[in-house]
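Residue numbers count from 1 along this sequence. One-based numbering, in listed order, for ligands and for the atoms of each.
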Amino acid sequence: MTAPVPVLEVSNLCKRFGDFHAVNGISFVIKPGEILGLLGPNGAGKTTTIHMLLGVITPTSGSIRMFGLDLERHREEILQQVNFSSTYISLPMALTVEENLRVVARLYGVQDADRRIDDMVKKLEMDEFRRKVTRKLSSGQMTRLTLAKAFLTGPKMLFLDEPTASLDPDIAHKIRALLKEEQRSAGLSILYTSHNMREMEEMSDRIVFLQRGKVVAEGTAQEIVARFGQADLEEVFLTLARESRQL
Ligand SMILES: Nc1ncnc2c1ncn2[C@@H]1O[C@H](COP(=O)(O)OP(=O)(O)OP(=O)(O)O)[C@@H](O)[C@H]1O
Ligand SMILES: [Mg+2]
């Protein structure tokens with residue numbers, strides 16, 4: 001039997017800013033319906049990688065294939081099936097939460113938009129601020145809006161940069177459950193970053209550990225913990241991050 005085409009295939013990807021190598025020859029794949037955690041200390045290259053995968057910045061070298069197609073050559077076709085959420089995202093601040101979701105639904109040609117928006121508002125518990133102007137949202141409310149925007153278009157692949165960073169523990173727990181549910185029911189593939197090691201262990205089918213722009217470990221959380229002979233992922237992280245700072 002042939003293996004299914006990976007949803008994402010990154011080969012030897014590099015990004016240089018001047019002579020600084022932010023991402024330095026990384027390769028990994030994401031299989032259909034897989035949740036991959038991209039882990040690493042501040043400045044390791046996670047956000048830069050996600051920006052290249054979204055076509056926001058151009059790689060210096062290497063290749064990105066999604067759904068078996070080359071991102072450079074099939075950009076529009078690929079990006080239609082992808083969405084993302086990040087704290088740096090900038091939404092029209094004068095619009096209400098609901099208006100912002102409507103704009104996204106229209107831009108992506110979302111079918112049955114009213115029902116889907118209601119559904120997202122319910123799932124992400126946004127009812128009490130759905131008519132609030134975006135400028136006035138708290139950071140956790142803003143995060144939920146960017147997640148709703150990402151889910152609304154029914155993507156096959158989601159890129160989430162620190163999706164739970166500003167959420168209270170209760171909402172963060174619900175978001176994790178929602179991501180797992182979408183993985184199960186819709187076969188959604190997800191690449192996400194987090195500095196919460198427990199979350200990484202709980203959520204990720206596999207983890208890619210970046211350090212100074214390079215992959216230094218890859219596998220399930222248990223495999224990585226066993227390979228480094230540590231008690232848990234947090235210990236592995238501390239060991240690698242401290243090593244990296246001494247270099
Ligand atoms: N536009 C840019 N110009 C110059 N250097 C940049 C640029 N964008 C990122 N960098 C540098 O590239 C490195 C990787 O940054 P990146 O934002 O990818 O890290 P990260 O792994 O997401 O870290 P964090 O955990 O802090 O979010 C950093 O040293 C950063 O300063
Ligand atoms: Mg980052």
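No hydrogens or angles considered: a donor-acceptor pair under 3.5 Å links the side chains of T143 and S166. A donor-acceptor pair shorter than 3.5 Å can be found between the side chains of T134 and N100.
Considering backbone and side-chain atoms together, G43 places an N or O closer than 3.5 Å to an N or O of ligand 1.
Which parts of ligand 1 touch H195 is read off a 4.0 Å heavy-atom cut-off, strictly below it: atoms 25 (O). Atoms of ligand 1 found under 4.0 Å from any heavy atom of G45 (numbered from 1 in listed order, with element): 14 (C), 18 (O), 19 (O), 20 (P), 21 (O). For ligand 1, the atoms sitting less than 4.0 Å from at least one non-hydrogen atom of A44 are 19 (O), 20 (P), 21 (O), numbered in the order shown with element in parentheses. Taking every heavy atom of F20 and a limit of under 4.0 angstrom, the matching atoms of ligand 1 come to 11 (C), 12 (O), 13 (C), 29 (O).
Among the backbone and side-chain atoms of T48, none of the N, O or S atoms lies under 2.8 Å from the Mg ion (ligand 2).
Using a 4.5 Å cut-off on side-chain heavy atoms (C-beta onward), Y192 and L179 make no contact. At a threshold of 4.5 Å between non-hydrogen side-chain atoms, the residues I30 and M157 count as touching. For the pair E125/I171, a side-chain contact is recorded, criterion being any heavy-atom separation below 4.5 Å from C-beta on.
Between atom 24 (P) of ligand 1 and the options L210, T48, N42, the minimum heavy-atom separation is to N42.
The closest approach between H51 and ligand 1 stays at or above 4.0 Å for every heavy atom of the residue. Between E162 and ligand 1 there is a heavy-atom distance shorter than 4.0 Å.
In this structure, K15 is not positioned above the aromatic face of F20 in the sense of NZ or CZ being under 6.0 Å from the six-membered ring centre and within 45° of the axis.
Here the side chain of T193 pairs a donor or acceptor atom with the backbone of E162 at under 3.5 angstrom.
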